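A quick write-up on the structure given underneath.
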Amino acid sequence: MLLIPQRLRPLPLPAASTRPHDTPSSPSREPSRPAWVAVLVSLWLATACNLPLWREVMQLPGQGSARGWLFALAFALIVAAGNAALLSLFAWRRVLKPAAAVLVLMAAFGAYFMLAYGIAIDASMLVNVLQTDVHEAGDLLSWRMLGTVLVLAAPPLWWLARTPLRHVPTLRQAGHNTLLLLGAVAVIVLSLLLVFQDFASTMRNQPRLRYLINPLNSVYALGHLATQPLRMNATQLLPLGRDAQLGASYAGQARPPLLVLVLGETGRSGNFGLNGYERDTTPRLSARTDLASARNAWSCGTSTAASVPCMFSHLGRTGFEARSANFENLIDVLHHAGLAVLWLDNQSGCKGVCDRIGQASTGGLQDPALCAGGECLDRVMLQGLAERIAALPAEQRARGTVVVLHQMGSHGPAYFKRSAQENKKFLPECTSNALQECERQQVVNAYDNSIVETDHFLDSVLHWLADQGSQAQTAMIYVADHGESLGENNLYLHGLPYAIAPDVQKHVPWITWLSPAMQSRTGLPMGCLQKDLADRRITHDSYFHSVLGLMDVRTGAYNADLDTFAPCRARTASLARAPAPGGTATGPAPRAPG
Ligand SMILES: [Zn+2]
């Protein structure tokens, strides 16, 4: 805000030209009571700014009947009264206008994203918003957004700006506000009583609706975030895996292990040709016979901010959501074990996961073939990767190295930016970030091209790892953080609350590759992994334990029951114990981490 020093401000006009209660901004308006302004703003919020809600309510079964209309009317009254109850807390002369303006803007932006992408607003969606970087925000901007927000927010903001508020003595204002609050509560109770059965069953069967109630959804989510310190001590970081030791496989190793963890972005398992998609989106990976693709893998969250910390946690989804303090994570435990760890980020950062080891970012690179507009395709992460690894402490590298490559992957809505020209197999592409402006097939085309790009990237990682084979025993695990909606039921993007999110937002690709040296080192033949992982249901809950198991890190934090690779390891071990036909078992003794 620009502050004008007092002496530079224009002098007030002579009082003769104005009436006594006028203010310069409103030459002819009667001042309104704050409580009355609060009521009118509440009505606007409940009607115009809740179009997405009313659109869904109108589609409920039974709508159109008298009972349906009564339900809709009562629901609208409840929403309006809820807004009024909230505004009654702010219905003071100096704070009402800013508070109302903030609520109107929150509701207008919320309504736009609900209409455009079918999103719903909860605490984790707000975390996504707060963690959005400039590039991601730029991907979302569109004329349609500006237009929608203007239509929903400009009329009430204009009216608020032009309406002077009457000065009411404090005690009397407190009385008005209390009356407004009590009146709003009474309206809610009476409306509920009128349609209680329908309301209770609708809210039970359509849990999505409550995330659409604007702007109370955002206010509730903000409150949830603000009170998080009461439920969880966010400043505390509990140690984890400080007992971590390297297992027997490291003793006298010919070459140290080098594991690349590709952390995928917005991968839909069903859109991978490798997983049976009718389009060949993964020509390079499908041509390989040395991969194990887990086709029944499920994410921990529906957004990067929710999934990534949860994947690297030892707690699993339920435990992570209920945690009362933060723990160190997989990256820390690998580090405690004495391994070299590198986090390379081609996206918006590691969401706190790599805080103790630091991260390198490829966002600022200028490669003309792979970078444009301040962003690079994921293959850029392989440029100079060997040098980045060589810069890690030699003592740790001699034991082994884990590298995380955090992809930009298929980050939406600007999918068309996520593939190089050579990988645009499916045309025409939607080239707008306002996805609803495109035909659905064009959106799917652009998304599928981003999977072709990821196919190219993963294949490049595997080639790069093959080149390291003389110095290291190599492996790669690719897992996406969450899936994506591509217009099914008018839903786009991701981030719906887990309980109501469609499967496409939670069903993720999980691809494992082990070099022959790594297969014998870990006792995990690819043939076994391919069979075992093809259809078995696995989740991000097992990511932490699977990586520790693969790297033969022994710690109390490891849980063999959650190690995705444990069944094959056990099978190999029991085969090694069984006498071979015509002789006795030979070869190295089996081992199990943990
Ligand atoms: Zn993500």
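Quantities reported herein were computed from a predicted structural model and do not represent experimental measurements. As the structure lists them, so they are numbered: ligands from 1, and atoms in each ligand from 1.
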Would you call [X] and [Y] a salt bridge, using N to O less than 4.0 angstrom?
| X | Y | result |
| --- | --- | --- |
| E265 | R418 | no |
| D139 | K417 | yes |
| E453 | R379 | yes |

Assess T304: does it contribute an N, O or S atom lying under 2.8 Å from the Zn ion (ligand 1)?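 Within the cut-off used here (under 2.8 Å), T304 does place an N, O or S atom near the Zn ion (ligand 1).
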Please state whether the separation between the Zn ion (ligand 1) and some N/O/S atom of H482 is under 2.8 Å?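 Checking the Zn ion (ligand 1) against H482, an N, O or S atom does fall under 2.8 Å.
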Apex the Zn ion (ligand 1) - arms OE2 from E265 and OD2 from D481 - angle rounded to 10°: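 Result: 120°, to 10°.
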Can you tell me how the ring of H411 sits relative to the ring of H494, calling it parallel under 30°, perpendicular over 60° and tilted otherwise?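 Perpendicular, since the angle between the ring planes exceeds 60°.
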